[in-house]
Amino acid sequence: MKCSTVLTTLVMSVLWPSEEGDGSLMSAETSHVQGCSGELGGGMTCLAGLMVAICADVKEVLAIRWNEKSIQNVRGLAEKNRKAGKFGSTQVSARVVRWDCDSDISALEGHFDIVMCADCLFLDQYRASLVDAIRRLLQPNGTALVFAPLRGETLRLFCQLAQQAGLCASQHQQYDAQVWDVHLKMLREGKDAYDENIHYPLLITLTKGPQPVSHTQ
């Protein structure tokens, strides 16, 4: 059953545990959000964005990816769900957008209340472009939900760049009770089966503002 809110969603992610958490949390979060939202770097499926389109009464979902092959696959998945009546009145679309292409970002600047992004922080050469894209795509009061594991220093470097760009970054480790319980269970099984450095996604929320990075449980 859909919620009664109106949301436009932008999606940027790949199909990792990060995106599964992204989609699950976003489906719940849309119950009190109004406006526009999207997923950046949506991989071959844009799972999180499609979950939001199906589970919440959103106005629009826009899935973004760098290559046409991925976008064509997402469009096919969206069409099947649309024909099955899964989206209701939600407008679902997908398009090729490069984070480092000024004209691509300018066309969508300030359009989104919510930006979702999962496990896109490990590409060193594009990390600064991703931060800039998120900052420009968000409306003044918008929020970005970024799911990613530590992956060495990559998450810390991303938060550092976000802060330098004037974004407020809050890091959340225990953002879902069920996910946290599974995380603790996997830790007990040992690193051969589970390495939290690459397998456990943290949640970073980004908003526009001068505040420093904070860490919360």
Side-chain angles (χ1 to χ4, degrees), residues 1-99 104-105 107-120 133-134 137-139 141-148 175-179 181-182 201 203-206:
M1 182 174 179
K2 288 202 170 190
C3 311
S4 59
T5 54
V6 177
L7 177 73
T8 305
T9 305
L10 170 69
V11 188
M12 322 156 66
S13 59
V14 291
L15 186 51
W16 299 106
S18 297
E19 185 169 18
E20 295 176 20
D22 193 357
S24 179
L25 182 62
M26 273 301 301
S27 297
E29 287 294 316
T30 52
S31 62
H32 63 270
V33 178
Q34 292 185 342
C36 300
S37 166
E39 185 180 6
L40 295 171
M44 289 298 293
T45 64
C46 287
L47 173 64
L50 295 181
M51 286 176 65
V52 169
I54 292 171
C55 297
D57 189 14
V58 299
K59 179 182 179 182
E60 177 189 358
V61 171
L62 176 59
I64 282 178
R65 184 61 176 160
W66 286 46
N67 66 80
E68 186 64 33
K69 182 178 180 180
S70 296
I71 292 300
Q72 290 300 329
N73 189 66
V74 174
R75 286 171 179 163
L77 292 172
E79 184 60 23
K80 289 180 179 179
N81 281 279
R82 185 180 295 108
K83 289 180 177 179
K86 300 296 185 180
F87 295 151
S89 61
T90 301
Q91 299 176 25
V92 181
S93 59
R95 63 191 291 181
V96 175
V97 173
R98 290 187 61 92
W99 310 336
D104 285 359
I105 301 300
L108 297 167
E109 192 153 359
H111 186 67
F112 299 100
D113 290 300
I114 298 290
V115 168
M116 297 183 291
C117 178
D119 212 354
C120 294
I134 291 174
L137 291 168
L138 282 175
Q139 293 187 7
N141 295 320
T143 300
L145 301 178
V146 180
F147 283 82
Y175 48 84
D176 180 270
Q178 184 176 4
V179 172
D181 286 345
V182 173
L203 167 62
I204 307 297
T205 58
L206 300 177

Identify, with sequence neighbours excluded, every residue that meets side-chain hydrogen bond (donor to acceptor under 3.5 Å, both in side chains) alongside Q178.
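Checked Q178 against side-chain hydrogen bond (donor to acceptor under 3.5 Å, both in side chains); zero matches.
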R95: which residues meet the salt bridge (charged side-chain N to carboxylate O under 4.0 Å, His left out) condition with it, sequence neighbours left out?
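For R95 there are no salt bridge (charged side-chain N to carboxylate O under 4.0 Å, His left out) partners, ignoring immediate neighbours.
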Partner residues of V182 under the side-chain contact (heavy atoms from CB on, under 4.5 Å) criterion, sequence neighbours left out
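For V182, the residues satisfying side-chain contact (heavy atoms from CB on, under 4.5 Å) (neighbours in sequence not counted) are M186.
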Could you list the residues that satisfy side-chain contact (heavy atoms from CB on, under 4.5 Å) with Q91, not counting sequence neighbours?
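Partners of Q91 under the side-chain contact (heavy atoms from CB on, under 4.5 Å) test: E60.
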For V74 and A94, work out which heavy atoms get closest and say how close.
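In terms of heavy atoms, the two residues are closest at CG1-CB, 3.9 Å.
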Do you know which two heavy atoms are closest between R65 and S70, and how far apart they sit?
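In this case the closest contact between R65 and S70 is CG-CB, 3.3 Å.
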Show, in sequence, the C-alpha distance, side-chain angles and deciding distance for M116 and V52, and conclude whether the side-chain contact (heavy atoms from CB on, under 4.5 Å) test is met.
CA-CA 11 Å; M116 297 183 291; V52 169; 4.1 Å; yes
For I105 and V97, run side-chain contact (heavy atoms from CB on, under 4.5 Å): C-alpha distance rounded to whole Å, both residues' side-chain angles, the deciding distance at 0.1 Å, then the answer.
CA-CA 7 Å; I105 301 300; V97 173; 3.9 Å; yes
Could you tell me if the side chain of [Y] sits less than 4.5 Å from the side chain of [X], heavy atoms only?
X    : Y    : result
V61  : F87  : no
V115 : L145 : no
L108 : I64  : yes
N141 : D113 : no

Measure from the side-chain N and O atoms of N81 to the backbone N and O of L77, and report whether any donor-acceptor pair falls under 3.5 Å.
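At least one qualifying donor-acceptor pair exists.
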